Each structure stands twice: as structure tokens, then as C-alpha cells.
Amino acid sequence: MWWLRVVCVSFALLATATTRAQEPVVTCRSCNSVGTFPCSKHGKDLGLEADPMVRRCSVAIECKVCGGALKVDCRQCRRPDVEAALAERQGLLREWLERQRVAVDDAVGHRTLVHLETTHCDLVCGIKPLMVGKVKFDTHQLAHLYGQRIEELRERFRTAFELTDDELPGRLRVYMFRDGKEHGVIGPRETGMGTAGSIGLKQMGPEFVYSMWQDPRSLADDEQLHRNIVHNVTHLLLSQMLPMRWIGNRSHGWLDEGIAHWFEDQVTGRCLNYCFEEVLVIPGSGWKNGKWRTPVRVMVDEGTLPSFAALSTKNTDQLTFEEHAASFAYVDFLLTTQGGAKFRDLVRAAKQGQATRDALQTIYQWNPLTIEAPFQAWVRATYPPPGR
Ligand SMILES: [Zn+2]
Ligand SMILES: [Zn+2]
Ligand SMILES: [Zn+2]
Ligand SMILES: [Zn+2]
């Protein structure tokens, strides 16, 4: 009966119209009325992109299907609001990436760098595929891994010094290149440091930037690269901590390097990165192969460890290898035995222009001579002598 069919269809249309008018949400079995599906083109990397700390990733933005939104429109239903939001997001992502490409990639001559923006860091990564443990990571996966490691380091730094999030204001900007020439173009431009042939350059205020390249002579594997990033980003964090200031050239080299070594040591118990001013230098295999606790113990036992009084008035670029190790050990001692809050106050006093001697007295009731006995007792109790 044709008329019955017409009536039924009319009723159906009427019902749909009524539902639309009352409640704009369409019941779509296909997408569960969300209006979108997750983009299927990212495979196992979708987990990387979905990390809540990741804000934008160039590889995701270059996805031909979703344009970085990680979602695609459901064709079975119409959700104009969802579609408009999707298009807007894709447009913003495209504009952001084009700005990055013009600023960095075009300057080095190819558009293949990975740009990753996380909660606190802008990372540019061109590192060659690398073994991480037993798994090979491509450049894109390495960008996410290092983005995550930098965020973790910031969080460890913040909790170790008992800082609020606001006490580390501003963003970190890190460039990791596979090629010395690329770092040679971007490093000096972004840090304001002009040293040719460097492995790494830093700007420690008003912006916090580290640019480096993976020199295969000293940074061949992921572990070495990781330590390098940890050491240098720690310098950025230390300078960023309020009041913002680099203290390495204000007679507080022992704090500047000691703290960077302390976090570097946490990666795999070795310290192999040294700074000269704001430039990174990596000498050979490093002093004592980067394992410092036993050599410090030996110097304490022999009475040859540099005195705290002499150590605590030098700049970063005046420190000898023995003084780098002593700086690490003093930072280790103060943080481990006296806690993060006091240490934060010491760093803050140093940043405000106080001499270590005065801040030490106020905060710990020690002077550069009286700190020696408790420090040495602690080293004897905790740092292994040779042969163990
Ligand atoms: Zn749908
Ligand atoms: Zn990505
Ligand atoms: Zn996609
Ligand atoms: Zn350093």
C-alpha cells in the first residue's frame, strides 16, 4: 500500500525533526554520537600523540587523514559543531607547523625535523634512529621519548627542591640535531653564543635554550645522549628557577655544575658532561670514567679533596676535574642529608647575590670550615672505597 508507506515515512521524518528540535544530539550507532572516530593512521604511535603532556607534534600534523587532530569526522551523522571544531584545530596546527618549518627547517635546508611541543618544552629533534635499550626508535619516537624525559627531569628538579610550579616559569627550548652544521646554524642564532665547533650551546635567560648535535665521538648512544640532555637542561632549570639568573659566573660554579652533575648522575651513575661558560665540552672518556663517588672517597681519605672554602668562590669555568667531582659530592651531601627545602633556600640566596659563606651560615649554621667534618664523615659512611 503506497499511501501507508508515505504516511509511515512522514511520521518518521516528523519524529526525526521533533527530536532534532528538542535535542540536537543525534543518535548515531556508528560513532556512538560522538561525531568523530580516532584516526586510524597512527598505529602504535597514537599512544605517543595521545599523551596528555603532548600539545603538538609535526608528524601527527602531517597526517593526511586527520591533520594532527587525531580524529576524523563520522560520515554517518552530522555534527556541525564537532566538524567546525575539528577544522579549526587542523587550521591552527597547520599554521603552527608552517611557522616552525620556516624558522628552523628552512634555515638548515630541509623540512624533515620533528617539532614537538609538550607542557613545558619546545623540542626540535633530528636525531638519527637509535637503539634505546633493545628497541630501535625512529626520529619521531625519539622526539617523544626526549620530550617525555625533559618533562620528567623538570618534575624531578621541582620536587627535589620543593618548588611550586610557578617557581619555574617560562618554557624550555631544546634543539637536538644529527649534524654539526645544523647546530652551527641554529645554535648561535638561538642562544646568542658564537662558538664554532661546539657540541652544545646554551642561553640561560631571559630565554632558556639548549642546542646540541649528536657528535658520534662523544654521544654515540642513547645513554650518552640522555645524560647530555639531563646535564644541560638542568642548567636551564636552575637558571629558570626564581629569581631567574645564571649563577655560574657569580662565584657559584660549585652549585651550577654540582647540581647539573647530580641530576646527570641519576641517569646511570656517571658524570661525563662539563661546561665552560655556557658552552659544553666533553673531554675524552671523562675524568675517572665519569664514576666519581670512589675517587671522592679516596681524596677525602688522603686529605686531597679541594677545600670547600676555595671551591665555593669559583666560577663554573674555573673548576678543575677534582673540583667538579667535589661540587657534585657537596650537592649530594646537602640534598641527601639536609633536604630539598634548605637547599632551595641556599640556591635562592646565591641567586640573590649572597656569598656561599653567608648563605651557608644562615641556612645550615655551618661555615666553609665547619661543613668539612660532617661532609667527610658522610662520604666515609656512604661512598665506597676502591675495590668494592
Ligand atoms: Zn556518527
Ligand atoms: Zn608525534
Ligand atoms: Zn591522523
Ligand atoms: Zn654543566
Side-chain angles (χ1 to χ4, degrees), residues 36-73 86 89-90 93-94 96-97 100 112-118 121-125 137-148 193 198-204 210 212 227-239 246-249 252-265 271-283 286-287 290 314-319 321 323-325 327-328 331:
T36 57
F37 291 107
C39 177
S40 61
K41 296 291 168 194
H42 302 267
K44 61 177 168 33
D45 287 350
L46 189 64
L48 300 178
E49 310 305 345
D51 182 333
M53 278 190 311
V54 172
R55 289 181 180 172
R56 305 190 253 214
C57 166
S58 59
V59 174
I61 295 169
E62 279 168 344
C63 173
K64 296 225 169 19
V65 176
C66 73
L70 307 176
K71 291 182 282 192
V72 289
D73 183 34
L86 208 57
R89 170 103 182 116
Q90 287 163 340
L93 291 172
R94 248 194 330 270
W96 172 79
L97 181 57
Q100 300 291 111
T112 62
L113 296 165
V114 177
H115 296 258
L116 185 78
E117 185 184 293
T118 64
C121 182
D122 300 308
L123 176 67
V124 176
C125 177
F137 277 50
D138 64 22
T139 305
H140 173 226
Q141 291 163 333
L142 286 170
H144 280 273
L145 175 68
Y146 276 85
Q148 192 183 30
M193 301 288 295
S198 68
I199 296 172
L201 294 170
K202 296 190 278 289
Q203 187 199 148
M204 298 198 271
Y210 178 52
M212 58 81 63
R227 257 196 308 267
N228 177 280
I229 292 295
V230 165
H231 180 104
N232 288 285
V233 173
T234 299
H235 279 299
L236 302 188
L237 290 165
L238 182 61
S239 302
W246 181 46
I247 51 172
N249 58 350
H252 299 295
W254 78 278
L255 282 171
D256 185 43
E257 279 295 279
I259 293 167
H261 289 312
W262 194 77
F263 283 93
E264 185 186 357
D265 171 75
C271 302
L272 290 166
N273 296 274
Y274 304 83
C275 301
F276 182 83
E277 285 282 328
E278 283 148 275
V279 180
L280 174 79
V281 224
I282 305 178
W287 187 71
K314 291 191 173 185
N315 286 339
T316 292
D317 58 359
Q318 297 170 318
L319 300 174
F321 289 137
E323 286 167 339
H324 273 271
S327 301
F328 159 77
V331 168

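Note that the coordinates shown come from a computational prediction; the quantities given were computed from them, not determined experimentally. Atoms within a ligand are numbered from 1 in the order they appear, just like the ligands themselves. Residue numbers start at 1 and run along the sequence shown. Excluded from the calculations below are hydrogen atoms, water molecules and symmetry mates; all remaining heavy atoms, backbone and side chain alike, are included.
Restricting H140 to its N/O/S atoms, the shortest distance to the Zn ion (ligand 2) is reached by NE2. Considering just the N/O/S atoms of H144, the one nearest the Zn ion (ligand 2) carries the name NE2. E49 has its closest N, O or S atom to the Zn ion (ligand 2) at the position named OE2.
A donor-acceptor contact shorter than 3.5 Å is absent between the side chain of N315 and the backbone of D317. D256 places no side-chain N or O within donor-acceptor distance of the main-chain N or O of H252, the cut-off being under 3.5 Å.
If you take CG on L237 and CZ on F263, they are separated by 8.0 Å, rounding to the nearest 0.5 Å.
No more than 12 heavy atoms of other residues, nucleotides or ligands sit less than 6.0 Å from atom NZ of K71.
Taking the six-membered ring for Trp and thresholds of 30 and 60 degrees, H324 and Y274 have ring planes more than 60 degrees apart, a perpendicular arrangement.
For the pair NE2 of H42 and SG of C39, the angle whose vertex sits at the Zn ion (ligand 3) is 110° to 10 degrees. Geometry note: the Zn ion (ligand 4) is the vertex, E257 OE2 and C275 SG are the arms, and the angle is 120° (rounded to 10 degrees). Angle NE2(H235) to the Zn ion (ligand 4) to NE2(H231), rounded to 10°: 100°.
Using modelled atom types, one finds a donor on one side chain and an acceptor on the other under 3.5 Å when comparing H261 with E264.
For a distance bound of 2.8 Å, the N, O or S atoms of D45 include none lying that close to the Zn ion (ligand 2).
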